[in-house]
> 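Below: one structure in structure tokens.
The figures that follow rest on heavy atoms only: side chains count, while hydrogens, waters and symmetry mates do not. Letters A, B, ... are given to chains in the order of the sequence lines, protein chains preceding strands, and every chain is numbered from 1.
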Amino acid sequence: MKIATWNVNSFKVRLPHVLDWLATTQADVLCLQETKMEDKVFPYAELLAAGYHAVHNGQKTYNGVAILSRSEMTDVHLDIPDFADTQKRVIAATVDGVRIVCGYMPNGQAVGSEKYAYKLQWYAALTRWLQQEIAQHPRLALLGDFNIAPEDRDVHDPAAWKDQILCSEAERAALRQLQALGLADAFRLFDQPEKIFSWWDYRQMGFRLNRGLRIDHILLTPALASLCRTCVIDKAPRKLERPSDHAPVIAEL
DNA sequence: ATGGCCGCTTCGAGCGGA
């Protein structure tokens, strides 16, 4: 089973890239973030024609998450329970006995800002909910744009990013708290080359110079981590015309 | 020194992203 995550930065713009990528990779499940569209314009028909069911939790302009799956999905769930949030950042569904949770974690804007506080609260709420969700679904995968680079080796220039947003100690601690539920970073289950990233700034030739961060992740419970055979970041779509600033991450279970 | 890109909203400057 191939499961993947991709922040597409507008699904309207990136639909052709996603359809091409699905045809090439034959992923079984693809989690999308930043669809930036309302549900009434979501391209269900185009996806179905390509062989994928879809569930979507969207809103106009900002945020928006979706799960695409070759198999039908059950027990679809939107948002974090008992956490008041107008931003559409979470969708979950069960696919072939695997609980898939797709998340678009808050960016946080700047350390110490209101959005930063929201980000930390959001992570705490996610962790509380997932503790229960994992108890009910031992085979669970959390995929998405985490907006946190877990360690300095996930940052092209750790000195420049030290204590900055996406890299601050409190953010990394929040991610460790989440992983303390037993969630393993699929990418780090394997030997990986150095300087592998999943996001590069559009500005200043960020991609060509490989000035990136690894902020898109696939986290697996022990029952799934033991089944995981590979996890890679596919840079190919980042080289296309009008790319997303993120590259997809894909794991094989 | 600052911002330098992209997408969105809805025509165009400002916001958000990371």
> Write down the distance separating the P atoms in B:dC15 and B:dA1, rounded off to the nearest Å.
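B:dC15 and B:dA1 have their P atoms separated by 24 Å.
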> Do A:Thr221 and A:Pro138 have side-chain heavy atoms sitting under 4.5 Å apart?
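No, side chains not in contact.
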> For the residue pair A:Trp21 / A:Asp234, report whether a side-chain donor-acceptor contact shorter than 3.5 Å exists.
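A donor-acceptor contact under 3.5 Å links the two side chains.
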> Could you work out the separation of B:dG12 and B:dC8 based on their C1' atoms and round it to a whole Å?
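Their C1' atoms lie roughly 12 Å apart.
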> Protein within reach of the bases, or only the backbone? For nucleotides 7-18 of chain B, mark each nucleotide 5' to 3' as B, S or -, using heavy atoms under 4.0 Å.
SSS------SBB
> Distance check, P atoms only: B:dT2 and B:dG17, in whole angstrom units.
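Taking atom P in both B:dT2 and B:dG17, they lie 22 Å apart.
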> If the plane angle is over 60° it's perpendicular, under 30° parallel, otherwise tilted; pick one for A:His246 and A:Trp199.
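It falls in the tilted class, 30° to 60°.
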> On a whole-Å scale, what distance lies between the P atoms belonging to B:dG14 and B:dT10?
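The answer is 16 Å between these two P atoms.
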> Please list all pairs passing the salt bridge (charged side-chain N to carboxylate O under 4.0 Å, His left out) test where one or both residues lie in residues 143-155 of chain A, with sequence neighbours left out.
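Matches after skipping sequence neighbours: A:Glu151-A:Arg153, A:Asp152-A:Arg172, A:Asp154-A:Arg188, A:Asp154-A:Arg214.
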> Tell me if the CD atom of A:Gln131 is crowded by more than 12 foreign heavy atoms within 6.0 Å.
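Count not over threshold, so no.
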> Below 30° counts as parallel, above 60° as perpendicular, anything between as tilted: where do the rings of A:Trp200 and A:Phe197 land?
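Answer is perpendicular, since the angle exceeds 60°.
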> Using the C1' atom on both, measure B:dG7 against B:dC11 and round to a whole Å.
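Each nucleotide's C1' atom is 15 Å from the other's.
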